[in-house]
Every structure is written in structure tokens, then in C-alpha cells.
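One structure is given here, and the rest of the page talks about it.
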Amino acid sequence: MVPSSDYRQFSKVLSKAKHIIVVAGAGLSAASGIPTFRGAGGLWRKYNAMTLATPQAFKRDPSLVWQFYHYRRETALKVKPNAAHRALAEFSLSSIRSLHAPNSTFTLITQNVDGLSIIALDDVLSSNPPEPEEQPRILEMHGRLFDVKCSSKTCGYVQFDRSSPICEGLRGVEELVDKNAMDPDIAKTELPRCSKCNALARPGVVWFEEMPLYLNVIDKLVDKADLCLVVGTSSTVYPAAGYAETVSQNGGQVAVFNLDRSDGDEDADFLFLGPGEETVPKALRLKTD
Ligand code: OAD
């Protein structure tokens with residue numbers, strides 16, 4: 001069956017759903033100015049961003065990998081949540097306060113590491129303080145850009161650190177490259193260090209070949225979900241790419257929001273093509289009769 005793009009019909013499904021999950025990807029933050037991984041935004045300097053997001057790349061060239069994450073950190077520090085982040089944050093609170101609460105759940109499962117969904121939710125919560133039991137949930141399954149993690153297996157200390165730059169060795173490095181077109185080689189001693197044991201630190205994100213976070217919790221939520229919104233992801237990276245299919249197989253409904261066609265969207269119940277910063281607020285804020 002061809003997916004529907006009827007907002008009113010979607011709104012009816014939304015108002016009946018009790019256990020909603022959102023599976024988000026880089027497209028959610030694109031309008032905020034964070035480049036996506038695939039497509040036009042996927043190049044950093046001359047590198048495919050995905051070749052740097054691996055433990056091997058960090059082992060081989062920690063200087064280059066840190067420069068890449070320094071660039072992503074600095075970009076994320078400059079930007080703000082967009083209308084899609086805000087709509088999801090507002091909806092998460094209103095959905096757990098709605099008539100079909102208290103047993104309803106809403107969880108945003110994001111592959112993004114930029115923290116923008118958390119900032120958007122904090123903004124909403126600051127003017128609508130929640131009761132302890134109604135705290136909406138965001139699971140950052142690929143970690144957080146602003147976590148700095150000790151690379152020593154015996155230590156593994158993680159510190160949340162939004163300082164800019166993350167260390168003096170990385171200060172101004174991006175501007176330097178524009179002029180020289182060469183990658184600066186920063187000594188390991190000048191890269192971020194663990195504040196506990198002084199070993200080399202690494203970005204606290206999940207790389208390819210590493211295990212995403214919260215998998216047990218997520219699996220339970222996916223099994224229980226009766227509605228899955230897939231927002232701004234190419235749906236090519238597992239396990240996130242498989243969640244919509246599981247919800248569908250369990251009898252739930254799936255709505256995809258993407259600028260373009262994405263993997264598996266032909267099997268969705270709803271498909272809203274266009275910028276998520278327009279389609280998501282439109283779909284979530286529409287009142288049903
Ligand atoms: P991708 O870069 O693979 O996909 C981004 C998706 O967002 C694409 O399908 C675009 O069409 C869509 N898109 C772009 N702009 C949009 C907009 N304004 N509104 C709606 N959609 C838009 O990013 P992800 O699917 O998040 O993992 O990639 C998944 C994972 O692969 C990432 O978390 C990262 C990456 O490599 C790791 O680093 C482990």
C-alpha cells in the first residue's frame with residue numbers, strides 16, 4: 001500500500017497512540033546547521049565523515065579524529081534547536097499529560113550526538129516544570145558530542161564538557177586548515193586528556209563497530225510501541241534502522257518524515273516528504289476534532 005501523506009488522518013492515529021517512539025537522525029538537526037553524514041553534508045575537509053567515526057581511525061590518527069570532533073563540537077555550540085526539535089519537545093510533554101496518560105509513554109530515540117533535542121526539552125520544561133513521574137525521555141543512543149571519555153580501558157572516566165575549545169591544542173585549528181589545505185598534526189600530549197588519570201581522552205560518541213547505548217531499554221520500548229515516527233534519518237545504520245519495521249510487524253503504525261525518500265519508507269503507513277522543520281510541527285500540532 002502506498003503510504004498516506006494525509007495530516008488529518010495521521011493526527012487521528014497520533015491522538016489514539018499510547019506508546020510512541022521517535023527514531024531521529026541527522027536530518028532533524030540539519031536546519032539548525034549541523035551537517036548530515038550522507039549526501040551533500042557528508043564531507044569534512046576531504047574526508048568522508050564516516051571513515052573518521054571508527055576506533056581504528058582514532059588509533060591510527062587521534063589528531064585528525066579529534067580535529068573532526070572539535071569541528072563538530074564547535075558547530076554544535078553555535079547552533080540552536082529548530083522548529084522540529086521544539087515541536088517534538090512540546091509534544092512529548094503534552095502527550096504524557098494528555099487524556100490517555102498515565103500509562104502512555106513517549107520516547108525520543110536519537111542517533112544524534114549534538115544535544116539539541118535535550119536543549120529543546122529543557123527549554124520547554126523550564127516554563128512547564130514536570131511532575132517527577134512525567135519526565136519525558138530522550139535516549140541518545142550514539143552518545144554525546146560533549147562527553148569526553150578516557151581511552152584507557154582501566155579508567156574509562158567520562159566527563160561532560162562544553163568548553164570551547166576542548167583543549168588549547170585544538171584552538172583555531174580549523175581556520176589554519178583553510179589557509180594551508182594540510183591537516184595539522186597535533187601531538188597526543190596536546191589533545192584532550194582524561195581529567196582523572198591523564199590518559200588520552202576520546203570523544204564520548206559511539207563509533208562504528210561499537211555498541212550503541214541503552215539497547216535493552218530501547219528494545220523494550222520498540223516492542224511496546226504502537227506508533228513510530230522516523231524523523232530525518234536515512235535508515236541505513238542498524239539497530240536504529242530496524243525499529244520501524246519491528247513496530248510495524250507488531251501491529252503498530254509508522255510515519256516517516258524526511259526531506260527525500262529513505263530506506264524502507266515505502267512500507268510506512270505515513271510518509272511526509274519535505275523539511276522536517278516544517279512537516280514535524282505541522283503533524284504534531286494539528287488538533288483532531
Ligand atoms: P544520514 O546523514 O545518513 O541521513 C540524514 C537523513 O536526513 C537523510 O535521509 C536526509 O534525506 C534527511 N534530511 C536531511 N535534511 C533534512 C531535513 N531538513 N528534514 C528532514 N530530513 C532531512 O544521518 P543518520 O541517518 O542520522 O553514526 O545516520 C545514522 C548514523 O550514521 C549516524 O548517527 C552516524 C552515521 O554514521 C555514527 O557515527 C555511529
Side-chain angles (χ1 to χ4, degrees), residues 3 5 22-44 47-58 65-66 68-69 71-73 75-76 79-88 108-117 120 138-147 149 202-215 218 228-245 254-266 268 270-284:
S5 55
V22 180
V23 181
L28 173 61
S29 296
S32 295
I34 307 252
T36 58
F37 287 89
R38 293 164 188 81
L43 269 190
W44 170 75
Y47 303 97
N48 175 336
M50 280 171 297
T51 62
L52 300 170
T54 70
Q56 290 81 351
F58 186 68
V65 172
W66 257 120
F68 171 57
Y69 282 97
Y71 160 76
R72 287 192 79 92
R73 284 173 60 97
T75 309
V79 304
K80 290 195 168 68
N82 63 57
H85 294 110
R86 286 195 297 274
L88 285 164
L108 172 57
I109 300 164
T110 183
Q111 300 168 87
N112 298 342
V113 295
D114 54 43
L116 290 177
S117 293
I138 298 179
L139 298 174
E140 295 169 295
M141 68 180 295
H142 285 175
R144 307 195 295 184
L145 204 44
F146 296 106
D147 274 345
K149 186 176 168 189
R202 54 163 280 182
V205 298
V206 174
W207 284 327
F208 285 101
E209 295 164 38
E210 292 182 326
M211 196 66 105
L213 309 175
Y214 316 115
L215 288 185
I218 293 174
C228 174
L229 314 187
V230 182
V231 179
T233 173
S234 56
S235 291
T236 48
V237 176
Y238 284 80
Y243 294 153
E245 195 185 342
V254 173
V256 173
F257 299 80
N258 200 301
L259 195 56
D260 289 313
R261 299 303 302 259
S262 53
D263 275 25
D265 68 2
E266 65 282 1
F270 296 91
L271 175 58
F272 299 105
L273 290 175
E277 58 279 16
E278 292 170 17
T279 56
V280 172
K282 186 170 171 188
L284 295 183

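Just so you know, ligand 1 is whichever comes first in the structure, and atom 1 is the first atom listed for that ligand. When reading the values below, keep in mind they use all heavy atoms of this one structure, side chains included, and skip hydrogens, waters and symmetry mates. Here the structure is a predicted model, which means the values were calculated and not measured.
- Among Gly143, Gly232, Gly274, Gly25, the residue whose heavy atom lies closest to atom 5 (C) of ligand 1 is Gly232.
- Protein heavy atom nearest atom 19 (N) of ligand 1, with residue, atom name and distance: Gly276 N, 2.8 Å.
- At a 4.0 Å heavy-atom cut-off, ligand 1 touches Met50 through the side chain alone.
- When hydrogens are left out, the protein atom nearest atom 29 (C) of ligand 1 is Gln111 OE1, 3.2 Å; that is the closest non-hydrogen contact.
- When heavy-atom distances to ligand 1 are checked against a 4.0 Å cut-off, Val206 comes that close only through its backbone atoms N, CA, C and O.
- Residue contact check: Ala26 has heavy atoms under 4.0 Å from atoms 23 (O), 24 (P), 26 (O) of ligand 1.
- Between Phe37 and ligand 1, an N or O atom pair is found at a separation short of 3.5 Å.
- Atom 16 (C) of ligand 1 has as its closest protein heavy atom Gly27 O, 3.6 Å.
- Considering backbone and side-chain N/O atoms, Ala30 never comes within less than 3.5 Å of an N/O atom of ligand 1.
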*Are Arg202 and Glu210 close enough, and set up right, to give a salt bridge (charged side-chain N to carboxylate O under 4.0 Å, His left out), and what steps lead you there?*
CA-CA 14 Å; Arg202 54 163 280 182; Glu210 292 182 326; 2.7 Å; yes

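- Going from atom CG of Leu28 over to atom CG of Asp114 covers 7.5 Å, rounded to the nearest 0.5 Å.
- A heavy-atom separation below 4.0 Å is found between Pro275 and ligand 1.
- When all heavy atoms are compared, the tightest approach of Pro35 to Thr75 is CD-CG2, 4.4 Å.
- Looking at Phe208, Phe257, Tyr238 and measuring to atom 37 (C) of ligand 1, the nearest heavy atom belongs to Phe208.
- Under 4.0 angstrom from ligand 1, the non-hydrogen atoms of Leu259 come from both its backbone and its side chain.
- With hydrogens and angles left out, the side-chain atoms of Gln56 and Glu209 include a donor and acceptor closer than 3.5 Å.
- To the nearest 0.5 Å, atoms CZ (Phe37) and CG (Leu43) are separated by 13.0 Å.
- Side-chain atoms of Asn112 come within 3.5 Å of backbone atoms of Gly25 as a donor-acceptor pair (strictly under, hydrogens ignored).
- Ligand 1 has an N or O atom lying under 3.5 Å from an N or O atom of Asn258, backbone or side chain.
- Look at Lys80 and Glu277 and you find no salt bridge, because none of the NZ, NE, NH1 or NH2 atoms lies under 4.0 Å from a carboxylate O.
- Under the 3.5 Å distance criterion, the side-chain polar atoms of Arg261 are left unmatched by any main-chain donor or acceptor of Gly264.
- Residue Phe257 holds its CZ atom at 12.5 Å from CG of Asp265, rounded to the nearest 0.5 Å.
- Close contacts between ligand 1 and Glu277 involve ligand atoms 17 (C), 18 (N), 19 (N) [criterion: under 4.0 Å to a heavy atom].
- Side-chain N or O atoms of Glu278 include none that pairs as donor or acceptor with a backbone N or O of Pro275 at under 3.5 Å.
- Residue-to-ligand polar distances keep Ser235 apart from ligand 1: every N/O pair is separated by 3.5 Å or more.
- Under the 3.5 Å distance criterion, with hydrogens and angles disregarded, a donor-acceptor pair is assigned to the side chains of Ser29 and His85.
- When non-hydrogen atoms are compared, ligand 1 lies under 4.0 Å from the side chain of His142 (C-beta onward) but not from its backbone.
- Residue Thr233 has at least one nitrogen or oxygen atom sitting less than 3.5 Å from a nitrogen or oxygen atom of ligand 1, judged on distance alone.
- Closest to atom 30 (C) of ligand 1, if we only count protein heavy atoms, is Val237 CG2, 3.7 Å.
- Here the heavy atom of the protein found nearest to atom 28 (O) of ligand 1 is Arg38 NH1, 3.2 Å.
- Here Glu140 contributes atom CD and Leu108 contributes atom CG; the two are 8.5 Å apart, rounded to the nearest 0.5 Å.
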